[in-house]
Amino acid sequence: MILIDGKNTAADIKKEIQTEVAHWRQQGYRPPNLVAVLVGNDPASLTYVRSKERQAKQIGFNSSLIQLPFETTEQTLLNIISKLNHDTKVDGYIIQLPLPSHIDSQKVIMAIDPHKDVDGFHPLNLGKMLVGLPAFLPATPYGIIELIKRYDIPTDGKDVLIIGRSLIVGRPLSILLSQKRTGGNATVTLAHSHTKNLKHHSLKADIIITALGQPNFLKADMVKDGVVIIDAGINELAAPETKRGYRLVGDVDFKGVSLKASYITPVPGGVGPMTIAMLLKNTWKAYKLHFKLS
Ligand code: BQF
């Protein structure tokens, strides 16, 4: 069994970006600038945005957090988005999800300038991805594709099972893995809550990607020997003894499944760190497009 080290791979990617940033800084260009907007103070969301800001700064970006109260109206948020769209010093920004239920997320996402949409959630970017045009890819699918590439895991002609059809992970990933290109060409099954006899599908799969948000969902008796496991689940399990009060677990019963897998990602330290690295990569791409750099 080979453990797929997302933390190390993410560190490699960040180093690559950092080197490029340093190069263009020496030519007199300003640093790339990533802004994060958080509405409310959900502890996990706050941890995520702070981590994004800290890692952006580590590689030489400017980064700041706009924190708004939970009661912020949709219109106020749309006004802030309009400012960010017009601010030539902002290369990319993210609206941290989930938003409070009194705000329409889809409407907010549609207001983001697609050129600054470094989360890749705007329908224009998703549409470009669908037709195979260059676009900002959603960070988690992008990170998973990058892990598979960097570990030389073949996808061509493989049976891939994705469990979970979210707009942020499962659905875009199903498109990327089935595209006619290197790193694609897989036969993709997209399973979800209405799928009948999941075990029938999972026992046939060469690669299984879980993105459903259920701790210990995928068990050893559901997979075949030699399977590749990518666990994109990030679940907070209450753990009063820890500093934060919770610990992260994936969707896979790692103990059992790792005994049968040829490759497997851990949680934490698998897909999660890659998500951040690819957000930074998207911001770097937005910056280069802005300044027309190669
Ligand atoms: C790790 C996220 C659910 C809902 C909203 C590293 C992250 C997580 C785990 C992280 C996530 C999950 C993020 C690990 C960002 C990924 O070591 O395993 C990093 O910061 N993530 C988010 O911004 O919003 C979410 C999951």
Side-chain angles (χ1 to χ4, degrees), residues 3-14 34-59 61 63-67 92-101 103 105 108-109 112 117-121 136-147 163-173 209-217 229-239 242-252 254 258 264-283:
L3 193 70
I4 299 179
D5 189 335
K7 198 165 177 176
N8 243 307
T9 310
D12 289 346
I13 292 166
K14 287 189 282 178
L34 170 67
V35 174
V37 181
L38 174 64
V39 184
N41 54 6
D42 171 68
S45 293
L46 197 56
T47 305
Y48 294 144
V49 283
R50 288 213 171 117
S51 169
K52 290 169 189 176
E53 186 185 359
R54 181 176 45 80
Q55 295 186 53
K57 286 175 176 165
Q58 268 172 6
I59 63 169
F61 289 12
S63 187
S64 56
L65 170 61
I66 301 177
Q67 210 182 336
Y93 66 92
I94 62 161
I95 310 295
Q96 181 68 32
L97 301 179
L99 287 168
S101 59
I103 298 176
S105 304
V108 166
I109 289 167
I112 299 172
D117 172 37
V118 288
D119 259 342
F121 295 161
F136 293 116
L137 303 180
T140 303
Y142 192 9
I144 290 169
I145 294 281
E146 200 63 30
L147 273 183
I163 310 175
R165 57 179 158 187
S166 77
L167 275 178
I168 290 172
V169 186
R171 200 170 281 278
L173 193 57
I209 300 160
T210 57
L212 70 159
Q214 272 194 52
N216 293 317
F217 176 84
I229 300 288
I230 310 286
D231 188 353
I234 305 281
N235 307 293
E236 292 161 33
L237 226 55
T242 64
K243 213 179 344 158
R244 288 216 170 84
Y246 63 87
R247 64 191 176 88
L248 294 183
V249 298
D251 296 338
V252 175
F254 185 90
S258 61
I264 187 166
T265 63
V267 177
V271 172
M274 290 298 288
T275 297
I276 313 278
M278 302 329 278
L279 167 70
L280 300 175
K281 180 121 184 171
N282 277 342
T283 307

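Order of appearance sets the numbers: ligands from 1, and atoms from 1 within every ligand.
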Has the side chain of [X] got a donor or acceptor atom that lies under 3.5 Å from a matching backbone atom of [Y]?
X: Asp251; Y: Gln214; answer: yes
X: Asn41; Y: Leu46; answer: no
X: Thr265; Y: Ile230; answer: no

So which residues, sorted by chain and number, lie with a heavy atom under 4.0 Å of ligand 1?
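Within the 4.0 Å shell of ligand 1, which is judged on heavy atoms, sit Tyr48, Lys52, Gln96, Leu97, Ile234, Leu248, Pro268, Gly269, Gly272, Pro273, Ile276.
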
I'd like to check the side-chain contact (heavy atoms from CB on, under 4.5 Å) partners of Gln96; sequence neighbours left out, ordered by chain and number.
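Result, side-chain contact (heavy atoms from CB on, under 4.5 Å) vs Gln96: Leu38, Ser45, Tyr48, Val49, Lys52, Ile94.
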
Can you name the residues that form a side-chain contact (heavy atoms from CB on, under 4.5 Å) with Pro266, not counting sequence neighbours?
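Testing Pro266 for side-chain contact (heavy atoms from CB on, under 4.5 Å), a comparison that skips the adjacent residues, returns Leu3, Phe254.
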
Under the side chain to side chain donor-acceptor pair (under 3.5 Å) rule, what pairs show up with a residue in residues 268-277, not counting sequence neighbours?
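Found Thr140-Thr275.
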
